[in-house]
Novice: 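Following this message is one structure expressed as structure tokens.
All values below were derived from every heavy atom in this structure, side-chain atoms included, with hydrogens, water molecules and symmetry-related copies excluded. Order of the sequence lines fixes the chain letters, A, B, ..., with proteins taken first and strands second; residue numbering starts at 1 for each chain.
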Amino acid sequence: MTLGKERALFMSNPSPADQVDLEVYRHSTAHILAQAVKRLFPDVKLAIGPAIENGFYYDFEKATPFTPEDLDKIEKEMKKIIGEDLPIVREEVSKEEAVRLFQDQGEKYKLELLEDIPDDVVSLYRQGEFVDLCRGPHLPSTGRVKAFKLLNVAGAYWRGDEKREMLQRIYGTAFPRESELEAYLKTLEEAARRDHRKLGKELDLFSLHEEAGAGLVYWHPKGATVRRIIEDFWRSEHIKRGYDIVYSPHIARRDLWEISGHWGWYRENMYSPIDIDGVEYLLKPMNCPFHILMYKSRTRSYRDLPIRWAELGTVYRYERSGVLHGLQRVRGFTQDDAHLFVRPDQLEDEIVGVIDLMQFMMKSFGYTDYLIELSVRDPRNKEKYAGSDEVWDLAESALVRALERVGLTYTRMEGEAKFYGPAIDVKVRDAIGRAWQGPTIQVDFNLPERFDLEYTGEDNAPHRPVMIHRTVLGSMERFFAGLIEHYAGAFPVWLAPVQVRILPIAERHINKAKEIQNDLTVAGLRVEIDLRNEKIGYKVRDAELQRIPYMLVIGDKEIENDEVSVRCRRRGDLGRMKPDEVKERILAEVASKSV
RNA sequence: GCCGACAUAGCUCAAUGGCAGAGCAGCGCAUUCGUAAUGCGCAGGUUAUGGGUUCAAGUCCCAUUGUCGGCUCCA
């Protein structure tokens with residue numbers, strides 16, 4: 001089981017030395033896999049087999065697909081090879097010699113790899129009858145591998161190119177100790193337990209409908225409640241920070257997308273035009289051109305800048321059918337988008353402002369751990385970028401200074417910038433250590449140019465503003481998926497779709513229960529009442545399974561003393577309290593947005 | 001889109017090519033109960049959709065749609 005890319009990274013914080021060792025260890029395990037496959041299926045052709053984030057894989061060309069039974073057999077054979085404790089021997093041979101060797105074996109993929117190696121001497125690794133072209137290094141012998149498991153089979157293109165052969169990839173994982181392997185498999189189980197698709201169904205948060213189209217999300221009342229809370233919070237935090245909230249249409253004439261360039265370079269993600277009175281309209285895949293039109297609706301003074309416009313903008317993008325995934329990868333989604341139109345001299349302060357907002361929002365949703373990547377130009381290849389050299393230098397240094405000002409450590413990604421500007425990407429780590437795509441801040445020199453954006457400067461001359469595209473949550477859909485998994489469905493009280501469920505013990509307690517429900521509802525809490533004719537144990541169990549943070553039990557004792565019994569999700573019975581006391585306690589917890 | 005697997009009741013899953021079933025949820029009745037499942041009963045299905053093979057198809061074949069694991073891509 002390998003997880004989607006957005007959340008693939010299980011971070012165990014290994015020391016650099018351990019990491020290297022683990023990589024070697026897994027790479028050697030991949031060779032053992034290949035050896036086992038060759039023993040069982042001699043006709044199979046070998047492609048490549050590296051170590052990856054949480055294990056390893058090996059790609060094979062085989063006429064018929066591997067079955068789960070094959071995987072079992074391969075695992076057994078691998079154990080045998082480990083038992084044989086074959087020495088793994090490095091050999092250096094001339095390229096010609098290697099070509100001859102792999103020609104004899106009919107390993108056409110290895111030959112193709114050899115063609116791309118410029119060196120005259122290449123290294124081979126040999127273990128028993130098996131030999132592979134490989135840079136190494138490797139473990140000294142196959143017996144060093146202690147704990148591994150094959151996980152699944154999947155299709156993969158040779159060299160990731162969809163025009164090339166489709167190979168079969170076997171994924172596996174390996175650890176130096178059995179206990180570590182078990183812990184990793186437990187983590188996979190935990191991830192499955194938290195899967196937002198499963199919880200979305202169980203907690204009645206959202207649905208998708210085959211008959212209505214793939215990748216289109218239906219937010220049920222409970223999911224919609226969480227979204228509404230997030231959106232309200234989002235809006236008020238933006239307004240506090242000097243943003244204005246805007247709205248824009250969902251379609252626009254094709255001409256607009258030609259000016260913006262999307263029709264040129266983003267067309268494969270856009271839906272076919274809609275004909276309206278003989279004019280072609282396109283569903284928006286992005287909000288930026290709309291905000292630009294608003295900018296251009298009048299002349300702008302240097303005094304007007306920075307302009308910060310935010311929109312929860314619903315966009316539609318074509319995604320290939322094979323990539324759709326729950327709420328994480330959909331065809332229609334709402335971005336928490338904003339565009340800042342700034343003077344070059346304002347860039348740094350504005351970036352700091354965005355980083356500050358982003359840190360505040362992440363913390364509010366319980367994410368405290370993140371990795372930051374700064375994507376900059378490829379200094380050796382400056383001509384492929386939009387915007388002048390000076391303005392790039394200015395923007396990159398503004399981003400660097402902003403990051404330094406807020407004291408964040410980051411990784412500089414040389415050459416990773418888009419052609420239109422440098423960017424900051426944030427990956428947040430969730431409760432079980434997986435990294436998700438978080439906020440992104442993208443500087444753009446291209447669209448202001450294309451749309452000929454201007455402001456009048458102090459010098460009464462026209463100047464070009466710089467645009468910043470940024471999102472802090474990404475999209476409501478993907479962010480919600482992440483939140484569900486981060487909290488395993490047990491949202492903090494301020495976000496919980498149902499904050500309190502009242503559990504009367506017997507019918508005679510119903511009136512009192514309703515009274516309390518009404519009181520709490522009027523106070524602004526989201527309260528349900530369980531009137532079913534069931535025992536208290538049943539009602540408690542159901543409320544726990546629904547991850548409801550507070551359960552208030554009402555029976556004879558409570559009515560007698562004008563109290564309620566308070567049970568807290570996963571913490572159990574807190575004892576009896578006055579209704580007002582509970583109310584204040586929960587309201588305070590909501591107000592503090594405690595996570 | 002491509003490779004592979006899969007699609008049976010609201011959910012989780014059974015059913016050699018031979019009468020479509022269970023548990024949970026739902027509804028009814030009994031019970032009125034003290035912190036993670038009370039008992040009995042009832043109802044629930046064009047087996048994803050459309051074709052085909054067969055005396056007979058949930059089961060075999062083809063196509064479509066969707067889902068799952070990947071490739072690729074991305075908010």
Novice: I'd like to check the side-chain hydrogen bond (donor to acceptor under 3.5 Å, both in side chains) partners of A/Gln359; sequence neighbours left out, ordered by chain and number.
Specialist: none
Novice: Measure from the side-chain heavy atoms of A/Ala214 and tell me the nearest of B/rC71, B/rG66, B/rG34.
Specialist: B/rG66
Novice: For A/Asn561 and B/rG34, give me the distance from atom CG to atom C1', rounded to whole Å.
Specialist: 14 Å
Novice: For A/Asp556, report the nucleic acid contact type (base, sugar-phosphate, nothing); a contact means any heavy atom under 4.0 Å.
Specialist: base
Novice: Just call it for A/Gly555: base, sugar-phosphate, or nothing, with non-hydrogen atoms closer than 4.0 Å on any strand.
Specialist: base
Novice: Distance check: side-chain N/O of A/Arg567 vs OP1/OP2 of B/rA36, anything under 4.0 Å?
Specialist: yes
Novice: Not counting sequence neighbours, which residues clear salt bridge (Lys or Arg N to Asp or Glu O under 4.0 Å) with A/Arg576? List them please.
Specialist: A/Glu563
Novice: Looking at residues at least two apart in the chain, or sitting in another chain, which of them share a salt bridge (Lys or Arg N to Asp or Glu O under 4.0 Å) with A/Lys363?
Specialist: none
Novice: Can A/Phe333 be called stacked on B/rA75 when the rule is centres closer than 5.5 Å and an angle between planes below 30°?
Specialist: yes
Novice: Considering only atom C1', compute the distance from B/rU49 to B/rU65 and round it to an integer number of Å.
Specialist: 7 Å
Novice: Taking any heavy-atom pair under 4.0 Å as a contact, classify A/Lys539: base, sugar-phosphate, or nothing.
Specialist: nothing
Novice: What is the distance, to the nearest angstrom, from the CD atom on A/Glu507 to the P atom on B/rA30?
Specialist: 10 Å
Novice: State which residues pass side-chain hydrogen bond (donor to acceptor under 3.5 Å, both in side chains) with A/Arg320; sequence neighbours excluded, sorted by chain then number.
Specialist: A/Glu162
Novice: Nearest to the side chain of A/Val540, heavy atoms from C-beta on, is which of B/rG34, B/rU35, B/rC71?
Specialist: B/rU35
Novice: Between A/Leu327 and A/Gly572, just flag the one whose closest nucleotide in RNA chain B comes earlier from the 5' side.
Specialist: A/Gly572
Novice: With the criterion being N/O to N/O and under 3.5 Å, what pairs connect the protein with nucleotides 2-7 of chain B, and how long is each?
Specialist:
unit_1 : atom_1 : unit_2   : atom_2 : d
B/rC2  : O4'    : A/Tyr157 : OH     : 3.4
B/rC2  : O2     : A/Tyr157 : OH     : 3.2
B/rC3  : O2     : A/Gly155 : N      : 3.2

Novice: Is A/Arg508 near enough to B/rC33 that one of its side-chain N or O atoms lies under 4.0 angstrom from OP1 or OP2?
Specialist: yes
Novice: Just jot down the salt bridge (Lys or Arg N to Asp or Glu O under 4.0 Å) partners of A/Lys578, sequence neighbours excluded, or say none.
Specialist: none
Novice: Could you list all N or O pairs between the protein and nucleotides 9-15 of chain B that sit under 3.5 Å apart?
Specialist:
none

Novice: So what stems show up for RNA chain B if we need 3 or more Watson-Crick or G-U pairs in a row, all under 3.5 Å?
Specialist: B:1-7 with B:65-71, B:10-13 with B:21-24, B:26-30 with B:38-42, B:48-52 with B:60-64
Novice: Who pairs with A/His469 by ring pair (Phe, Tyr, Trp, His ring centres under 6.0 Å), at least two apart in sequence or on another chain?
Specialist: A/His339
Novice: Would you indicate which nucleotide in B/rG34, B/rU32, B/rG1 comes nearest to any side-chain atom of A/Arg320?
Specialist: B/rG1
Novice: Apply side chain to side chain contact (heavy atoms under 4.5 Å, CB included) to A/Ile292 and list each qualifying residue two or more places apart in sequence or on a separate chain.
Specialist: A/Lys296, A/Phe341, A/Leu447, A/Phe451, A/Leu453, A/Met467
Novice: Which comes earlier along RNA chain B counting from the 5' end, the contact point of A/Thr440 or that of A/Ile554, where each point is its nearest nucleotide?
Specialist: A/Ile554
Novice: Which of the following nucleotides, B/rC74, B/rC33, B/rU35, is nearest to the side chain of A/Val553?
Specialist: B/rU35
Novice: Given B/rA75, is OP1 or OP2 found less than 4.0 Å from the side-chain N or O atoms of A/His469?
Specialist: no
Novice: Just call it for A/Ile536: base, sugar-phosphate, or nothing, with non-hydrogen atoms closer than 4.0 Å on any strand.
Specialist: sugar-phosphate
Novice: What parts of residues 310-318 of chain A reach RNA chain B, counting only heavy atoms under 4.0 Å away?
Specialist: A/Arg317, A/Tyr318
Novice: Could you state the CG-P distance from A/Asp195 to B/rC68, rounded to the nearest angstrom?
Specialist: 9 Å
Novice: How long is the line joining CG of A/Asp530 and C1' of B/rC33, in whole Å?
Specialist: 14 Å
Novice: What's the NE2-C1' distance between A/His196 and B/rU67, to the nearest Å?
Specialist: 13 Å
Novice: What integer number of Å spans the P atoms of B/rG39 and B/rG1?
Specialist: 48 Å
Novice: For nucleotides 22-28 of chain B, give me every protein contact, N/O to N/O, under 3.5 Å, one pair per line with atom names.
Specialist:
unit_1 : atom_1 : unit_2   : atom_2 : d
B/rA25 : OP1    : A/Tyr538 : OH     : 3.1
B/rG26 : OP1    : A/Arg532 : NH1    : 3.1

Novice: Would you indicate what A/Glu558 reaches in the nucleic acid, counting non-hydrogen atoms under 4.0 angstrom: base, sugar-phosphate, or nothing?
Specialist: base
